[in-house]
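When a ligand or atom number is given, it counts from 1 through the structure's own listing order. Numbering of residues begins at 1 and proceeds along the displayed sequence.
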Amino acid sequence: MEIRVELTKNPKAKPDPENLGFGNIFSDHMFIMDYTDGKGWHNPRIVPYGPIAYEPSIMVFHYGQSIFEGLKAYRISDEQVVLFRPDENMKRLNKSCDRMCIPRVDEEFAIEAMKKLISIDKDWVPNAPGTSLYIRPFIIATDPYLGVRPSNTYHFIIITGPVGAYYKEGLNPVKIYVESNYVRAVAGGLGEAKASANYAASLKAQEVAKKKGYTQVLWLDGIEKKYVEEVGTMNVFFVIGDEIVTPELNGSILPGITRKSCIELLKHWGLNVAERRLSIQEIYEAHDKGLLKEAFGTGTAAVISPIGELCWNDRKITLSNGHIGELSQKLYDELTGIQYCTKPDPFNWVTKV
Ligand SMILES: *Cc1c(COP(=O)(O)O)cnc(C)c1O
């Protein structure tokens, strides 16, 4: 399929790369492609970023048939921009499609479209240390219809925008509230799909935790509320004795690409990493025995987010004396080193735009 390109006549001023936030500035162009039953995906185009007119009856507004992805483009020189494992994102997008009754996209074509969009908006990839261009592909149901069924038409859209360094003054440990009331997902639900609805489900607990002075919640399983699942919108790792544990993918956990990359790196380093069920009780017992060394979240936005404190049923524990754990720092340095091409890339994770 040929991607039609319509360039903007009103390019926007670029923001100061030293003062970027996250998710509030968008580049000049966006990619859109249509789906119609019987016709498949068609009419791929890159057009100026801007409002899209939809009827208020389109299905996504009412029944939430919507999925997304998130990845970043990194500037490694004046001329060169790279992506980190975009094939994994597109594979996951299609898995989310399957769960949400959304038609699959051609993964190679989607990557080509993404690269073309980034090439056109290359000047939007910021150059200050730690900054990047955030890429948000998403698919929404667009039938103007109020009956409940999968839509017959969709839009696949990619928008991008420059984002700042997540950590301006080094890796910052965060305070985490262990959530025993609300749940994010259950096996059989949408937890392992990157569905917008999972985020809607998570807002309340997040708001309550914020009011109590915590940055994020640690989600427990939705059935027994015993087993650790994720932290905020990140996967989670705990270092207990000489074992590095992350919850196994059980159907309610989102299979993070940062999670997968960390597991692969840890194995490559010859460390003892286990994907298994991990109860919050075990974590507290490990702490009491002096075995809990560190814990961290993993995700595209922050890469590694060290956990400094946990609070479960009013019992607070401090991890690594509230400092950054050794392994958190090492994984962060290695992953960002690979992403910005300042370190070797033995797994071929990085691809040129
Ligand atoms: C996107 C996401 C993650 C992290 O995935 P990455 O591919 O590492 O960015 C973890 N948990 C949830 C719920 C997510 O939506």
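Checked against a 6.0 Å centroid threshold, the rings of F109 and F156 do not count as neighbours.
Under 3.5 Å, the side chains of W41 and D106 contain no donor-acceptor pair of N or O atoms. Checking S252 against N250 by side-chain atom types alone, a donor-acceptor pair falls below 3.5 Å.
The shortest N or O to N or O distance between N235 and ligand 1 is not under 3.5 Å. Considering both main-chain and side-chain atoms, T300 comes within under 3.5 Å of ligand 1 through a nitrogen or oxygen pair. Taking distance alone, with nitrogen or oxygen atoms compared against 3.5 Å, F68 stays at or beyond that limit from ligand 1.
The protein heavy atom nearest to atom 10 (C) of ligand 1 is T233 O, 3.2 Å. For atom 15 (O) of ligand 1, the closest non-hydrogen atom on the protein side is Y199 OH, 2.4 Å. Counting protein heavy atoms only, atom 14 (C) of ligand 1 is closest to K194 NZ, 3.0 Å.
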Output, in order, the C-alpha distance, side-chain angles, deciding distance and verdict of side chain to side chain donor-acceptor pair (under 3.5 Å) for S328 and E294. CA-CA 8 Å; S328 305; E294 58 183 292; 2.7 Å; yes
Does the pair K267 and E264 meet the rule for a salt bridge (Lys or Arg N to Asp or Glu O under 4.0 Å), with working shown? CA-CA 5 Å; K267 285 189 176 158; E264 287 167 17; over 6 Å; no
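With E282 as the partner, the salt bridge (Lys or Arg N to Asp or Glu O under 4.0 Å) test is satisfied by one option alone out of K289, R277, R276: R276.
Atoms of ligand 1 lying under 4.0 Å from at least one heavy atom of G256, given by number and element, are 5 (O), 6 (P), 7 (O), 8 (O).
Nearest to atom 11 (N) of ligand 1 by heavy-atom distance, out of E230, E192, R92, R184, is E230.
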